[in-house]
Protein chains: 2
Amino acid sequence: MGQKGTATRARILTATQELVETGGYFSAGLNQVIAASGAPRGSLYFHFPDGKDQLVGESIRRAGQAMGDAFADLAESSASAAEFVEGVLRHLADRLEESGWQKGCPVATVALEMAGASDPLQQACSEVYTSWAAALRARLEGRPDADDLAVTILALIEGALLLAKAHRSREPLDRVTGQLRALLR
Amino acid sequence: MGQKGTATRARILTATQELVETGGYFSAGLNQVIAASGAPRGSLYFHFPDGKDQLVGESIRRAGQAMGDAFADLAESSASAAEFVEGVLRHLADRLEESGWQKGCPVATVALEMAGASDPLQQACSEVYTSWAAALRARLEGRPDADDLAVTILALIEGALLLAKAHRSREPLDRVTGQLRALLR
DNA sequence: GAAAATATGTAGACCGATCTATTTAGGAGT
DNA sequence: ACTCCTAAATAGATCGGTCTACATATTTTC
């Protein structure tokens, strides 16, 4: 693939990612993807011959990877597990607020929309969540209940992010942050 | 409104509720609502003259009320706050599994889809969440951090429900249940 | 209390817009 | 020169929404 091809492919994916994150699968209309990315319709089906599901699937995995990288950075610069999770929550709250309450979890909306409709997309979402749980778990090494705790913290983060977006306020994320220590004691 | 009219209105709402809960706003196509409820298109716009947003809005508030009632029943039959929340989690897990991983939170999908698109629907979702948080809070009376705790538990429930639907497994709900005591200590 | 008049609800054809996807032809990159 | 990629027209399905004709209750009138 030539350089230009790679670039437009990336531009299409980024645009899709952004639209999906804002309003889910159905808000990412192909016309909007085209408009937002500047790529023509033909390129879309050249780079993603299996159509919209492939496009959304790849963009979800890509967003999952990006979020995982952000977690890794935060993990490295945190002294404790509690500090790490607080950093994640703060990061997500900032991102959500700065985007005008648009950018919450890049996977959640599609996960809920497609859980009963598209097996490939359901699996993509499931895998992203599994990878995030593993990343959290790695920061809890040594605890006897690390697995349970990792899933619980992930649920807490996802739930708080959902409530924050629904209320258009970072209050839920802040309240949850305050309760974290009880969980990580 | 005559009896027959009231009945079809209810049938339309129930069908919408079910479709929305399964796959969100866009999965509840008006054609599917018509097919599922048996009501003709004309009746739909007779009973809901403001169109789809009114229909979905009412069905969300209705679902929120129903869930709130279920909470109230569980609250009455529980000896402690921990027992109550565990009961809620078990109830939700059963409901989700029995529906073939379709029926999670009846509000979450629309909340995420419409947070940045439709003000009336965003507000409807926000209000339902507020009412649920208040119901949880009522069961935590006396604790100094009851407000924070109620929101945290609601986030935990919503997050676990999201993960469970995404993975098509009750494992996240079960793991979270195990960690609850640490939070409610 | 029967007939007329009005309100309530049902039924489905139809509209323009928008959706994803396909096709075909030719320009750009290397 | 040859592949890679773009570009736009178009197909066919489905979307939410509107419209008119019809049926069924419910009230009014005499």
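We name chains A, B, ... by the order of the sequence lines, and we start the count at 1 in each one.
Between B:Leu55 atom CG and D:dC15 atom P the separation is 14 Å, expressed in whole Å. Distance, B:Ile34 CD1 to C:dA13 P: 12 Å, rounded to whole Å. D:dG17 atom C1' lies 7 Å from atom CZ of B:Arg41, rounded to whole Å. As a whole-Å value, the separation of A:Phe48 CZ from D:dC5 C1' is 14 Å. Rounded to a whole Å, the OH atom of B:Tyr45 is 14 Å from the C1' atom of C:dG12. Residue A:Leu19 contributes atom CG, which lies 11 Å from atom P of C:dT20 at whole-angstrom precision. Taking atom CG of residue B:Asp50 and atom P of nucleotide D:dG16, one finds them 16 Å apart after rounding to whole Å. The nearest whole Å value for the distance from the OH atom in A:Tyr25 to the C1' atom in C:dC19 is 11 Å.
A 4.5 Å side-chain heavy-atom check between A:Asp73 and A:Asp69 finds every atom pair outside the cut-off.
Applying the 4.0 Å criterion to OP1 and OP2 of D:dC4, one finds that A:His47 has every side-chain N and O outside that range. A close approach under 4.0 Å does occur between a side-chain nitrogen or oxygen of A:Thr8 and OP1 or OP2 of D:dT6. The side chain of A:Asn31 contributes an N or O atom lying less than 4.0 Å from OP1 or OP2 of C:dC19. In this model, the phosphate group of D:dT6 is approached by a side-chain N or O of A:Ser43 to a distance below 4.0 Å at OP1 or OP2.
Applying the 3.5 Å distance criterion, the base of C:dG9 shares no donor-acceptor pair with the side chain of B:Arg9.
Ion pair B:Asp119/A:Arg168 flagged as a salt bridge, since at least one NZ, NE, NH1 or NH2 atom sits closer than 4.0 Å to an Asp/Glu carboxylate oxygen.
When atom types are taken as modelled, the side chain of A:Trp132 and the backbone of A:Gly64 share a donor-acceptor pair closer than 3.5 angstrom.
Using a 4.0 Å heavy-atom cutoff across all strands shown, A:Gly29 reaches sugar-phosphate atoms only and no base atom. Residue contacts shown for B:Gly51 are limited to sugar-phosphate atoms, with no base heavy atom under 4.0 Å away. Residue contacts shown for B:Phe26 are absent, as no nucleic acid heavy atom lies under 4.0 Å away.
The side chain of A:Pro40 has D:dT6 as its nearest neighbour among D:dT6, D:dG17, C:dA21. Taking every side-chain heavy atom of B:Leu30 into account, D:dG17 is the closest of D:dG17, C:dT20, C:dG9.
Residues A:Tyr25 and A:Asp53 bring a donor and an acceptor atom of their side chains to less than 3.5 Å of each other. Between A:Gln54 and A:Glu58, the side chains place a donor N or O and an acceptor N or O closer than 3.5 Å (distance only, hydrogens not considered).
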